[in-house]
Amino acid sequence: MTKLKQHLHEHICRYCDHMMLGIGKDEVLEDLEELIERVFAPESLGGFKQLIDLVVRVRMHSFHSAESIMKDLHLAPYIFDALHNYSFEADDKSINSEYHRNSYKNGWCSEYPFYVLLLKSHEYHFTIKSCELLAAFIKHYYSVLDTLRDHDLARASSTREEDACANFRLFMKTNVAEFNFVRESIPKTALDSPISIANQIDQYLISKETWPYLVHKNYLRMLCHFFYNDWEQPKHFTRRGSPSDRVPKRYKDPIAIPIVGAHDDTFALIPGKPSLPNSDGLDDDDQYAAQTFVVNNRDVNTQRDKTELLDTAIPFNKHVQSRTAIDVTASVRRSHNMGLQNTQLLMPEELNLLINKLIKLANQPVNLETAIVMWLMMLLSKSIEDIHNLVVFTDLRAKQQGLYIDEFGQGWWLFYVSHSAKSKLDNVGLRPVKEDVFTACPDFLLKLIVKNMGARANGPIINEENTQVIIDNVAKKLKKISDRHSSGRLSVRRLVNFTSYYLNSTDVIDPIYIDYSYAVNMYTTRVARSYANLRDHARSQQLDKLWKSVEQDIELYSGKPLSISLFDLRHLSQCEQFIGSSFTPTKTVVSTLINSLTQRVLSSKPSFQHRLIDIIEYHNAFTAYTAWMLLFGTGYRAAWNPLPTFALFLPSLNLMGISDKDDSDFSHSRIVAVPTALATQLKEYKRHLGCLRSLLRVLMPKLCSRIDRIVDVDQHVLSFNYSQASQWYKVIRNSRKEQGPFFFFHQQGTSVVTQNLSPSALVNYCRDAILLPSNAGRHWLKSHLLEKNITPELINFQMGHWQAGEVPLGHYSALSHVEAINDIVPVLDELFEEVGWLPLKSVIS
């Protein structure tokens with residue numbers, strides 16, 4: 001048994017014990033081995049996590065297809081739940097990386113073609129139909145496996161199994177119009193037979209006269225052969241003709257020629273063969289910009305000598321050029337939390353006009369579906385392509401993303417909220433979260449959708465199968481409305497992004513409520529939503545607040561109330577449920593943690609003689625209590641050496657400088673508010689270190705010298721100029737080597753050593769009493785700030801979740817840090833009081 005397989009087996013067994021399923025280890029091993037053999041996984045099990053994620057992705061679009069895939073793969077539900085609901089981690093990082101692998105190794109495509117198809121599922125374009133097609137492919141694959149592996153039918157370079165799996169994988173991955181149409185329309189129903197699917201693909205091939213790229217047509221022909229199961233023995237042709245008949249290649253080996261007047265070692269690269277001009281007599285390169293010159297091994301931090309020769313290379317291959325080009329936009333979006341920024345907000349006048357027009361359009365049968373699409377674009381912040389994949393269903397056992405109509409005739413939008421990071425099985429006291437989120441659908445919109453569906457009780461919301469037809473109809477209708485009135489130009493973009501623009505302009509609620517309710521990424525990066533844990537009822541109340549604000553804006557403009565309600569405040573489940581982060585501790589567990597840390601401090605008080613072992617034990621307990629309080633009060637990430645210097649803490653203003661996720665330009669450095677209890681505790685901890693150095697001066701002179709620099713840092717840094725301060729800050733921030741205020745004593749043989757505080761050391765210190773994730777404080781703080789209903793700007797200020805353009809420390813920033821801190825500190829004090837964080841006085845100070 002490989003190490004990864006052994007760890008997976010142990011993880012699933014612990015899950016069964018945790019959930020008290022009564023499944024023994026032998027049964028777990030048998031089911032796991034059956035799954036591994038069924039998917040033909042390699043011995044290393046590399047990328048096994050992608051198999052679980054495949055089911056999750058499919059389930060978000062088609063619950064029926066996900067159930068079918070799990071059944072065909074012999075994936076037991078408890079194995080899926082164990083690996084999906086809880087994080088799998090091994091002590092060996094190589095095992096973790098192999099489990100999360102998302103790429104295949106050399107030789108896997110020929111040796112494990114079906115497993116590679118499952119492994120690369122994160123690159124697929126999933127729609128309802130493509131999920132049904134994937135489920136049909138997997139089911140049919142096992143039924144015709146003997147034929148696919150028949151050596152008589154194999155080609156010289158590949159088997160039919162390789163051909164079918166590779167072509168289907170590229171079909172699901174490649175984003176072209178021909179494939180998009182097939183993925184959105186075939187099969188017609190989830191129960192279509194393989195012959196029926198093959199006929200549908202074949203009919204599409206016949207109906208389409210021209211193909212921009214013949215290989216795309218061959219992909220679909222290969223799928224036809226797979227579903228027909230009509231493979232034939234390959235035919236071999238002997239090519240005839242002289243080599244001169246072949247078209248010469250554009251480039252062969254490049255030729256280097258010296259440049260006149262240049263250095264002897266400088267050459268220009270030219271193509272090995274001349275290009276063939278097109279019918280217009282133009283060279284291919286004449287239609288493009290000049291060749292890309294790439295500078296190799298260049299140090300951009302130092303000034304270049306004018307006489308220095310640059311090491312350059314010219315990539316002639318267009319694909320290599322695209323890989324070496326710098327995508328500035330993508331770089332900016334990765335380094336900053338880009339949101340949907342635009343000034344094209346629908347104003348009250350335009351909203352009033354649009355809503356009244358939509359009400360009239362809904363009364364016209366010919367325009368009913370167009371009106372429904374426009375309502376969904378505005379209320380759900382969904383594109384037309386996304387709306388096309390929404391369905392209506394009445395059975396929760398076969399739930400899909402879309403509209404659920406219950407037995408009372410009420411409508412509920414269902415979307416999934418799933419985070420890649422999951423809590424461990426060992427963690428206790430975390431809020432249980434659910435992935436499926438139900439949000440009330442307005443009654444007026446529900447009636448329109450039911451009317452448009454006619455006799456159908458289930459199925460797609462939109463009857464029109466061609467997405468482009470819907471896009472054209474909506475664009476024409478918006479243009480017509482805009483042309484007939486003097487208001488601004490209405491557009492698809494403004495309609496889809498209305499909610500985002502409105503929240504950026506008003507801050508009426510936090511965007512995370514829209515994100516979780518309708519599976520909309522209001523932020524480009526995931527950090528803004530990965531720390532939030534929301535109460536389901538509070539989420540609905542915030543949505544009601546948003547749409548009430550929109551209705552009031554329209555009423556103030558028009559002078560009369562809106563004839564319809566844009567949101568109905570009701571709850572599918574009356575019991576309190578949570579959605580979002582799975583690392584947020586409950587109030588009871590936080591109080592338990594505080595009591596446990598407090599008792600450790602009280603029970604480890606040194607004796608009257610102040611023995612060294614007693615001082616060490618007490619210092620570690622006092623440090624752990626202060627550090628946990630710091631993480632809960634400031635939203636500090638789980639980082640080594642938190643608060644690397646007291647110079648970043650200003651108790652008179654209740655603020656602290658934090659750099660827990662930063663780069664060379666300090667673009668993520670931030671200032672946060674400090675609760676009053678934490679400020680008092682940090683001042684006491686500083687006095688504690690001052691007395692500690694006095695007690696240990698004789699025994700540990702080197703350590704005490706370092707503590708001197710920690711305690712007396714204010715006198716040291718005030719004399720720095722800007723460049724000195726920047727260099728000093730680069731050295732000390734989050735350093736594992738530089739001694740910081742928070743450190744533990746460790747017994748090493750007969751001597752005592754110190755080590756900067758690490759997240760694992762902090763967690764292990766209280767492991768016997770309670771086991772919490774090291775970043776539980778950050779999750780707790782973000783979630784409770786949302787519950788306190790303070791403005792999103794202040795929450796982002798404290799958490800450091802800035803969008804592009806929001807640079808609070810910039811010279812052009814209009815944010816007043818003092819005013820922001822004065823607004824946040826009372827809320828933080830209230831949160832600390834609710835769970836019981838109190839300052840403790842050190843007995844040695």
Practice prompt. Establish, from distance only, whether the side-chain atoms of His100 and Asn96 form a donor-acceptor pair under 3.5 Å.
Written response: no

Worksheet item: Less than 6.0 Å separating the ring centroids of Tyr78 and Tyr15?
Response: no

Item to complete: Classify the ring geometry between Trp780 and Phe832 as parallel (under 30°), tilted (30 to 60°) or perpendicular (over 60°).
Response: tilted

Fill in: Test side-chain contact (heavy atoms from CB on, under 4.5 Å) applied to Ile658 and Tyr636, step by step
CA-CA 8 Å; Ile658 286 182; Tyr636 225 114; 3.6 Å; yes

Worksheet item: Any salt bridge between Asp17 and Arg14, counting N to O under 4.0 Å?
Response: no

Discussion item. side-chain contact (heavy atoms from CB on, under 4.5 Å), that's the test. Do Leu643 and Thr634 meet it? Break it down for me.
Written reply: CA-CA 11 Å; Leu643 185 60; Thr634 61; over 6 Å; no

Worksheet entry | ring-ring contact (aromatic ring centres under 6.0 Å, His included) partners for His537, two or more places apart | His571

Worksheet item: Hey, do the aromatic rings of Trp837 and Tyr625 have their centres closer than 6.0 Å?
Response: yes

Discussion item. Can you classify the ring geometry of Phe744 versus His746 as parallel (below 30°), tilted (30 to 60°) or perpendicular (above 60°)?
Written reply: perpendicular

Worksheet item: How are the rings of His817 and Phe797 set to each other: parallel, tilted or perpendicular (split at 30° and 60°)?
Response: tilted

Practice prompt. Using atom types as modelled and distance alone, determine if a side-chain donor or acceptor of Asn822 lies under 3.5 Å from a backbone N or O of Val818.
Written response: yes

Worksheet item: With no hydrogens and no angle check, do the side chains of His619 and Thr623 hold a donor and an acceptor under 3.5 Å apart?
Response: yes

Practice prompt. Kindly indicate, with the supporting measurements, whether the criterion salt bridge (Lys or Arg N to Asp or Glu O under 4.0 Å) is fulfilled by Arg611 and Glu617.
Written response: CA-CA 10 Å; Arg611 296 183 305 168; Glu617 184 180 356; over 6 Å; no

Worksheet entry | Among His784, Arg431, Lys782, side-chain hydrogen bond (donor to acceptor under 3.5 Å, both in side chains) partner for Asn533 | Arg431

Practice prompt. Measure from NZ or CZ of Arg539 to the centre of the six-membered ring of Tyr513 and say whether it is under 6.0 Å with the direction within 45° of the ring axis.
Written response: no

Discussion item. Under a 3.5 Å cutoff, is there a donor and acceptor pairing between the side chains of Thr499 and Tyr518?
Written reply: no

Discussion item. Taking the six-membered ring for Trp, are Tyr685 and His688 closer than 6.0 Å centroid to centroid?
Written reply: yes

Worksheet item: How are the rings of Phe745 and Phe743 set relative to one another: parallel (under 30°), tilted (30 to 60°) or perpendicular (over 60°)?
Response: perpendicular

Worksheet, complete the sentence: All heavy atoms of Ser581 vs all of Val433, minimum pair found to be O-CG1, 3.3 Å

Fill in: Closest approach of Leu772 to Asn427 (non-hydrogen atoms, all atoms of both residues)
C-ND2, 4.1 Å

Worksheet item: Side chains of Thr791 and Asp507: do they bring a donor and an acceptor to under 3.5 Å?
Response: no

Worksheet item: Can you check side-chain contact (heavy atoms from CB on, under 4.5 Å) on Asn620 and Ile616, steps first, answer last?
Response: CA-CA 6 Å; Asn620 290 349; Ile616 290 175; 4.0 Å; yes

Worksheet item: For Tyr502, does its backbone N or O pair with a side-chain atom of Thr506 as donor and acceptor, under 3.5 Å?
Response: yes

Worksheet item: Would the number of heavy atoms belonging to other residues, nucleotides or ligands and lying under 6.0 Å from CD of Glu793 be above 12?
Response: no

Worksheet item: Is Lys424 salt-bridged to Asp426, cutoff N-O under 4.0 Å?
Response: no

Practice prompt. May I ask you to decide if Lys545's main-chain N or O and Ser549's side chain share a donor-acceptor pair within less than 3.5 Å?
Written response: no

Discussion item. Regarding Glu89 and Lys49, does a basic nitrogen lie under 4.0 Å from an acidic carboxylate oxygen?
Written reply: no

Worksheet item: What salt bridge (charged side-chain N to carboxylate O under 4.0 Å, His left out) pairs are there with at least one residue in residues 573-602, not counting sequence neighbours?
Response: none

Worksheet item: Would a distance-only check, ignoring hydrogens and angles, find a side-chain to backbone donor-acceptor pair under 3.5 Å from Asp829 to Thr676?
Response: yes

Worksheet entry | Heavy-atom closest pair, residues Leu425 and His11 | CD1-O, 3.5 Å

Worksheet item: Got a donor-acceptor contact below 3.5 angstrom from the Thr645 side chain to the Leu648 backbone?
Response: no

Worksheet item: So with a 6.0 Å cut-off around CD of Gln574, is the heavy-atom count from everything else above 12?
Response: yes

Worksheet item: Does the side-chain contact (heavy atoms from CB on, under 4.5 Å) test come out yes or no for Val520 and Asp515, once each step is laid out?
Response: CA-CA 5 Å; Val520 179; Asp515 194 311; 5.6 Å; no

Discussion item. Can a donor-acceptor pair be found, under 3.5 Å and without considering hydrogens, that links the side chain of Asn595 to the backbone of Ser591?
Written reply: yes

Discussion item. Within the supplied structure, the quantity of interest is the number of heavy atoms (other residues, nucleotides, ligands) at a distance under 6.0 Å from Glu787 CD; does it exceed 12?
Written reply: yes

Practice prompt. Kindly indicate whether a cation-pi arrangement holds for Lys422 with Tyr86, taking the cut-offs as under 6.0 Å to the six-membered ring centre and within 45° of the axis.
Written response: no

Discussion item. Looking at every non-hydrogen atom in both residues, tell me the closest pair between Leu593 and Cys766 and how far apart they are.
Written reply: CD1-SG, 3.9 Å

Worksheet item: Looking only at heavy atoms, what is the nearest atom pair of Ala673 and Leu828, with distance?
Response: O-CD1, 3.7 Å

Discussion item. If you compare all heavy atoms of Pro606 against all heavy atoms of Val843, which two are closest, and at what distance to 0.1 Å?
Written reply: CD-CG2, 3.6 Å

Practice prompt. Look at the side chain of Glu684 and the backbone N and O of Leu840, then say whether any donor-acceptor pair between them is shorter than 3.5 Å.
Written response: no

Discussion item. Quick test of your reading of the model: are Lys788 and Glu834 salt-bridged, counting only N-O distances below 4.0 Å?
Written reply: yes

Worksheet item: Is a side-chain donor-acceptor pair under 3.5 Å present for Arg778 with Asn775?
Response: no

Worksheet entry | Sidechain-backbone polar pair: Arg570 side chain, Cys441 backbone, donor-acceptor under 3.5 Å | yes

